[in-house]
Amino acid sequence: MSRLGTLGARLYRGEVGYDFVGKRKIWYGISILITITAILGLAVRGLNMGIEFSGGAVFTTPTTSVSAEDARRTAQDASGHTAIVQKLGNNTLRVQVSELTTDQSRKTQEALAKKLDVSTDKVNTDIVGPSWGDEIANKAWTGLGVFMILVVIYLAIAFEWRMALAALIALIHDLTITVGVYALVGFEVTPGTVIGLLTILGYSLYDTVVVFDGLKESSKDITKQTRFTYSEIANRSLNGTLVRSINTTVVALLPVAGLLFIGGGFLGAGMLNDISLALFVGLAAGAYSSIFIATPLVADLKERDPQMKALAKRVRARRAADAAKAEQGAVQDEAAESAEADEDDEPQDASPAGVVGQRDRSAGRGRGGRGRTSGKRR
């Protein structure tokens with residue numbers, strides 16, 4: 001078995017572990033700091049809304065030797081707005097300019113055709129109105145709201161309302177961080193971004209449900225024992241699923257990282273960034289929230305229950321009694337060892353005082369008598 005597998009088995013059996021729940025105030029502080037940073041980034045910089053939401057025009061050129069930078073400058077000078085240029089296959093260019101009117105779109109098309117030295121009709125123009133983006137946004141918000149309601153109802157039925165509330169807070173936490181990162185990085189928000197945001201909710205919820213399921217099994221008949229409090233059982237359950245959560249998150253992040261850093265970074269495939277950044281940040285935030293936010297929140301809410309308070313008192317009382325017994329036993333063992341040491345210091349087979357001397361004198365007389373008798377014989 002690999003070291004990671006061995007560690008997972010030891011975590012599952014409770015032989016080793018980390019006190020995630022006990023140090024929950026640290027994780028709460030970190031999450032609050034990250035969330036505040038994300039909100040500030042969103043308030044100061046705002047989201048870079050794509051053409052689908054802000055309206056504008058997309059120009060597709062025929063095969064050309066004109067560089068993307070030259071086409072960008074030409075489009076910006078003609079439209080008066082920021083242009084985004086992507087180089088496609090067969091040396092064609094895709095020029096995107098937001099918030100353009102019909103007249104501005106026509107002028108930009110003519111300027112690009114002149115720069116490329118082609119006729120105006122060779123530059124394909126697609127005008128996107130902001131109403132289409134508003135419709136997408138409204139449907140996305142509707143879908144998000146329905147998803148949240150269904151999640152809360154399901155978790156409340158399958159587990160309990162405290163777990164449903166903790167999962168909802170974790171999901172909002174993940175969404176806030178992901179949107180804040182988008183604002184700070186400045187990536188364009190497109191329908192792909194919306195798809196990515198809705199996708200990460202499922203991943204985040206999956207990790208949370210796995211932990212909650214283990215906690216539900218571990219806390220069954222919890223009030224019938226006095227060895228562990230609810231928070232301690234929650235921490236043991238979290239440690240038992242820790243390696244599984246890490247493995248699933250890493251496996252999911254690897255292909256997304258390939259899309260984001262290789263596809264979007266090295267290959268310049270900007271459209272991949274729309275969905276890959278949302279997935280990458282959302283998956284990482286989801287794994288973090290399921291371990292450091294959701295389960296500690298459940299433990300916090302559950303410890304306020306009168307039954308759990310009574311259980312905690314019984315656990316503390318038992319531990320105090322066990323500690324007193326252990327201390328009393330240690331004192332008795334020390335006293336017994338002291339008594340045995342005193343007995344060992346006394347002589348075991350010593351003769352009464354003077355006996356040895358008497359024997360020695362008798363022996364001396366006997367030896368002396370034999371000597372004198374021998375002399376008379378001579």
Side-chain angles (χ1 to χ4, degrees), residues 41-42 44-140 179 181-197 258-280:
L42 185 62
V44 173
R45 299 195 59 176
L47 291 173
N48 181 21
M49 305 304 292
I51 191 174
E52 294 85 358
F53 297 99
S54 61
V58 177
F59 307 94
T60 306
T61 69
T63 301
T64 180
S65 59
V66 176
S67 66
E69 180 62 24
D70 291 339
R72 186 186 65 81
R73 284 197 298 264
T74 301
Q76 287 186 173
D77 293 341
S79 64
H81 296 278
T82 302
I84 300 175
V85 181
Q86 296 173 351
K87 195 167 187 177
L88 307 178
N90 300 325
N91 291 325
T92 60
L93 299 176
R94 182 180 184 269
V95 183
Q96 177 180 308
V97 186
S98 300
E99 301 177 356
L100 289 185
T101 63
T102 304
D103 292 338
Q104 290 174 332
S105 300
R106 187 179 66 256
K107 290 179 181 179
T108 305
Q109 181 185 19
E110 293 173 352
L112 287 172
K114 184 178 180 180
K115 181 66 176 178
L116 273 61
D117 195 19
V118 296
S119 60
T120 304
D121 59 350
K122 294 292 185 181
V123 179
N124 186 36
T125 304
D126 293 323
I127 300 176
V128 180
S131 59
W132 187 73
D134 292 339
E135 185 179 354
I136 293 178
N138 291 333
K139 290 183 178 180
V179 174
V181 169
Y182 257 88
L184 293 172
V185 174
F187 275 22
E188 195 175 45
V189 178
T190 66
T193 305
V194 176
I195 295 172
L197 289 174
L259 285 175
L260 179 61
F261 298 109
I262 298 178
F266 291 101
L267 301 180
M271 288 183 290
L272 293 176
N273 293 335
D274 303 340
I275 188 171
S276 59
L277 180 63
L279 290 176
F280 187 84

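Among the candidates Asp70, Thr63, Thr64, the single residue satisfying the side chain to side chain contact (heavy atoms under 4.5 Å, CB included) test with Leu93 is Thr64. The only member of Val97, Asn124, Asp126 that meets side chain to side chain contact (heavy atoms under 4.5 Å, CB included) when paired with Phe59 is Val97. Residue Leu112 is tested with Thr74, Thr120, Thr60, Val118 for a side chain to side chain contact (heavy atoms under 4.5 Å, CB included); the sole match is Thr74.
Of all the heavy atoms in Lys107 and Ala78, the pair that sits closest is O-CB, 4.2 Å. Closest heavy-atom contact between Pro62 and Lys122: CD-O, 3.4 Å. The two residues Ser105 and Ala57 have their closest heavy-atom pair at OG-CB, 3.6 Å. The two residues Leu47 and Val179 make their nearest non-hydrogen contact at CD2-O, 3.8 Å. Across every non-hydrogen atom of Gln76 and Ala83, the tightest pair is OE1-N, 3.3 Å. Shown here for Ala75 and Val95, the closest heavy-atom pair between the two residues is CB-CG1, 3.7 Å.
For the pair Arg45 (side chain) and Leu184 (backbone), a donor-acceptor distance under 3.5 Å is present.
Ionic pairing of Arg73 and Glu69 is present here: one or more N-O contacts between side-chain nitrogen and carboxylate oxygen are shorter than 4.0 angstrom.
One distance of note links CZ of Arg94 with CD1 of Ile84; it measures 9.0 Å at 0.5 Å rounding. Note: Arg106 CZ to Thr125 OG1 = 11.0 Å, rounded to the nearest 0.5 Å.
Listed by chain and number, the residues in a side chain to side chain donor-acceptor pair (under 3.5 Å) with Ser65 amount to none (sequence neighbours excluded).
For CG of Asp117, the number of neighbouring non-hydrogen atoms (other residues, nucleotides, ligands) closer than 6.0 Å is 12 at most.
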